[in-house]
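See below for the structure under consideration.
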Number of protein chains: 2
Amino acid sequence: MNLKTAEVEKSSHLDYFNIAISVDCVIFGYDKKELEILLIKSDLKEFEGMWSLLGDLIKPNEDIESAPYRVLKERTGLEDVYLEQVHTFGSLNRHPSGRVITTAYYSLIDINHHKLQLTHNEVHWHKVGDIKKLAFDHKLILDTCLQRLRQQVMEKPVIFNLLPEKFSLRELQDLYQAILGIQLDRRNFRKKIALKEWLVDLDEMEDNVPHRPGKLYKVKLDLKPKSAKKKKKLIAFVS
Amino acid sequence: MNLKTAEVEKSSHLDYFNIAISVDCVIFGYDKKELEILLIKSDLKEFEGMWSLLGDLIKPNEDIESAPYRVLKERTGLEDVYLEQVHTFGSLNRHPSGRVITTAYYSLIDINHHKLQLTHNEVHWHKVGDIKKLAFDHKLILDTCLQRLRQQVMEKPVIFNLLPEKFSLRELQDLYQAILGIQLDRRNFRKKIALKEWLVDLDEMEDNVPHRPGKLYKVKLDLKPKSAKKKKKLIAFVS
DNA sequence: ATACAAATATGTACTATAAACACATTGATT
DNA sequence: AATCAATGTGTTTATAGTACATATTTGTAT
């Protein structure tokens, strides 16, 4: 965008700056074989009693990419997680109090392992499957982020934030099934996961299961931070 | 995002509204076997002589999704094209005149067929391969959009806007090669395109080529508006 | 008219991945 | 010792990806 300084000054605080910008975080968790999402009670009278995503206005002195990390930190105490921008929503009337454009990010955290400091007592986990309606256009945002998560789940090792350090293949498969909302064949699933080479066999066994215990695995260390594997499709097209 | 009306009013025109929002359009064209992009001379003194993307501030009364269509219309006279949101860029100092967050869209138009009304005489086509540097963070935006285009090119029938009504398979392959930046095997390319079932055989032959003419094809009518095929990967995962 | 140049059109063998599917094994519980 | 519940594993079939060569058609130059 081209914008002369003079133009900015002329229009400043008149028209164009009458739009606020926020980020909203779709924070997925996982518990008891169900995909969950962290929500907060809306404090707008228009949406009284309804739940909404965790979000905040972007501060004038922060990068847009920093904002969702800050929100996540403030709301849950968590840092150092995978966060990805998904889409920017800016319908005219999406916010009843004024013009607010919001950029949505998604994130995945382990509900049980990281104990959240849920200082706001109006912040709670909800089963994604149960959510029919949210404040603002947050249901649309959730759906968009869930769709993105489902796309990425086989391409990148993103979901290991949802599991404890050590996990069995059954636990991993249960997680995939919760995210994708479908049942998977165990043998084919294991083959596919093996191909990815994301896991390290720990030579340990599950414990405290009322049946034959399975082997335990962990994620390969070098995958933990982040990894981009975008070129796959392209390479597949080279002949 | 939750935002009380009172809060909005309190902070209005002080902090949070000191951020402007723009859209930038990465408009791809295609000519003489090269992928091109439409650029405009920057009118900022900081970027004197440099080229930048076509963009504009979002108007207070327009949806964010409408803005890139308006920009495209204003700059090129074109309507009714494929436009897709790619990413929102909001580094602190990306704009020298103030805080501006921008949402990038990409679009594909046929340079030769639609005669642009290039009223702004500082708007010109540039070969994508030649672009080393642009004003602002526009080179980053271009790269991001090009990456997205390359991803989508095999999944969705998006690129037919870059070709005339009737085209040969060679012309189509040349286009793919220009976008992907690689050479493709003709036989495998044809097989792959045939699998997509995007084309209609017109039973006509090329004309005015100095060699054996090829068959002409057009895009299936029902694909022209838009088509979402996002579920492919997911289905592939069901076993 | 003939030969040549340049591009079209087409098929097969090999490999890799996807999908459907069944049975023996282990450990805990009774 | 028998039962239960889940683990662990392999084969077959179908589909898609990749590498690769030859005959055909048209225009052009001689």
Side-chain angles (χ1 to χ4, degrees), chain A residues 32-33 150-151 153-155 163 166-178 180-218 229 231-239, chain B residues 32-33 150-151 153-156 163 166-178 180 182-218 229 231-239:
Chain A
K32 301 200 190 69
K33 303 193 182 185
R150 285 174 171 172
Q151 272 175 33
V153 102
M154 282 312 294
E155 295 173 14
L163 291 172
K166 305 174 178 186
F167 52 86
S168 68
L169 291 179
R170 172 183 37 79
E171 289 173 303
L172 186 62
Q173 182 177 344
D174 284 343
L175 173 53
Y176 270 95
Q177 293 180 161
L180 297 174
I182 54 177
Q183 294 299 110
L184 302 172
D185 177 85
R186 187 156 35 101
R187 286 160 294 186
N188 292 339
F189 175 77
R190 282 161 187 243
K191 256 182 291 180
K192 223 169 207 169
I193 289 296
L195 277 197
K196 306 282 178 202
E197 299 186 314
W198 289 342
L199 303 185
V200 178
D201 187 336
L202 287 171
D203 266 318
E204 289 180 61
M205 287 298 176
E206 265 185 316
D207 214 346
N208 305 326
V209 283
H211 54 73
R212 174 177 175 182
K215 278 186 171 180
L216 289 175
Y217 296 82
K218 66 173 185 179
K229 297 210 171 185
K231 288 183 183 170
K232 243 188 148 178
K233 279 237 148 139
L234 260 178
I235 290 169
F237 195 79
V238 182
S239 59
Chain B
K32 300 199 190 71
K33 303 193 182 185
R150 285 175 170 170
Q151 274 175 33
V153 103
M154 281 313 295
E155 295 173 14
K156 302 196 212 171
L163 292 171
K166 304 173 178 186
F167 52 86
S168 67
L169 291 178
R170 171 181 38 79
E171 289 173 303
L172 186 61
Q173 182 177 343
D174 284 343
L175 173 53
Y176 271 95
Q177 293 180 160
L180 298 175
I182 53 178
Q183 293 299 110
L184 302 172
D185 177 85
R186 187 154 35 100
R187 287 160 293 186
N188 294 338
F189 175 77
R190 281 159 188 247
K191 255 185 293 181
K192 223 168 205 170
I193 289 296
L195 278 195
K196 306 283 178 201
E197 299 187 314
W198 288 343
L199 303 185
V200 179
D201 187 336
L202 288 172
D203 266 318
E204 289 180 62
M205 287 297 174
E206 262 184 319
D207 214 344
N208 304 325
V209 284
H211 52 74
R212 173 176 175 183
K215 280 184 172 182
L216 289 175
Y217 296 81
K218 66 173 185 179
K229 297 210 171 184
K231 288 183 183 171
K232 241 188 151 178
K233 279 238 148 139
L234 260 177
I235 289 167
F237 197 78
V238 182
S239 60

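The sequence lines fix the lettering, A, B, ..., with proteins before strands; numbering per chain opens at 1. Here the structure is a predicted model, which is why all the values come from computation and not from measurement.
Nearest-nucleotide mapping onto DNA chain C: of A:Leu195 and B:Pro210, the residue sitting toward the 5' end is B:Pro210. Heavy-atom distances to DNA chain D give each of A:Ser168 and B:Met205 a nearest nucleotide, and the one nearer the 5′ end belongs to A:Ser168.
Applying the 4.0 Å criterion to OP1 and OP2 of C:dA19, one finds that A:Lys191 has every side-chain N and O outside that range. When the side-chain nitrogen and oxygen atoms of B:Arg187 are compared with OP1 and OP2 of C:dA9, none of them lie within a distance under 4.0 Å.
If you check C:dT10, D:dG17, D:dT9 against the side chain of A:Arg186, the one that comes closest is D:dT9. Listed candidates were D:dG8, D:dC20, C:dA19. Nearest to the side chain of A:Lys192 is C:dA19.
Taking atom CZ on A:Phe189 and atom P on C:dA18, their separation rounds to 13 Å, with Å as the unit. Computed from coordinates, the A:Asn188 CG to D:dT9 P distance equals 15 Å when rounded to whole Å. Taking atom CG of A:Asp185 as the reference point, atom P of D:dG8 lies 15 Å away to the nearest angstrom. As rounded to whole Å, 13 Å separates atom P of C:dG27 from atom NZ of A:Lys215. Whole-Å rounding puts the A:Asn208 CG to D:dA5 C1' distance at 16 Å. The distance from atom CD1 of A:Ile182 to atom C1' of C:dA19 is 13 Å, rounded to the nearest whole Å. Between A:Glu171 atom CD and D:dT7 atom C1' there is a gap of 13 Å when expressed in whole angstrom units. Counting to the nearest Å, the P atom of D:dT7 and the OH atom of A:Tyr217 are 12 Å from each other.
Closest heavy-atom contact between B:Gln173 and B:Asp185: NE2-C, 4.1 Å. For B:Leu199 against B:Ile193, the heavy-atom pair with the smallest separation is CD1-CG2, 3.6 Å. Between B:Trp198 and B:Val153, the shortest heavy-atom contact is CH2-O, 4.0 Å. In this structure, B:Lys33 and B:Ala178 approach most closely via the heavy-atom pair O-CB, 3.7 Å.
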Atom pairs under 3.5 Å: protein N/O with N/O of nucleotides 24-26 of chain C:
residue	atom	partner	partner atom	Å
C:dT25	O2	A:Arg212	NH1	2.5
C:dT26	O4'	A:Arg212	NE	3.4

Please enumerate all protein N or O atoms sitting under 3.5 Å from an N or O of nucleotides 14-16 of chain C, with distances to 0.1 Å.
none

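With values rounded to the nearest 0.5 angstrom, B:Glu197 atom CD is found 8.0 Å from B:Leu195 atom CG. With rounding to the nearest 0.5 angstrom, the CZ atom of B:Arg187 is 14.5 Å from the NZ atom of B:Lys192. Distance check: A:Lys215 NZ to A:Met205 CE gives 6.5 Å after rounding to the nearest 0.5 Å. For the atom pair CG (B:Asp207) and NZ (B:Lys166), the distance works out to 10.5 Å, reported to the nearest 0.5 Å. If you take CZ on A:Phe189 and CG on A:Leu169, they are separated by 7.0 Å, rounding to the nearest 0.5 Å. Rounding to the nearest 0.5 Å gives a distance of 9.5 Å between CD of A:Glu204 and NZ of A:Lys218.
For A:Arg170 and D:dA5, a side-chain-to-base donor-acceptor distance below 3.5 Å is absent, hydrogens and geometry of angles not being considered.
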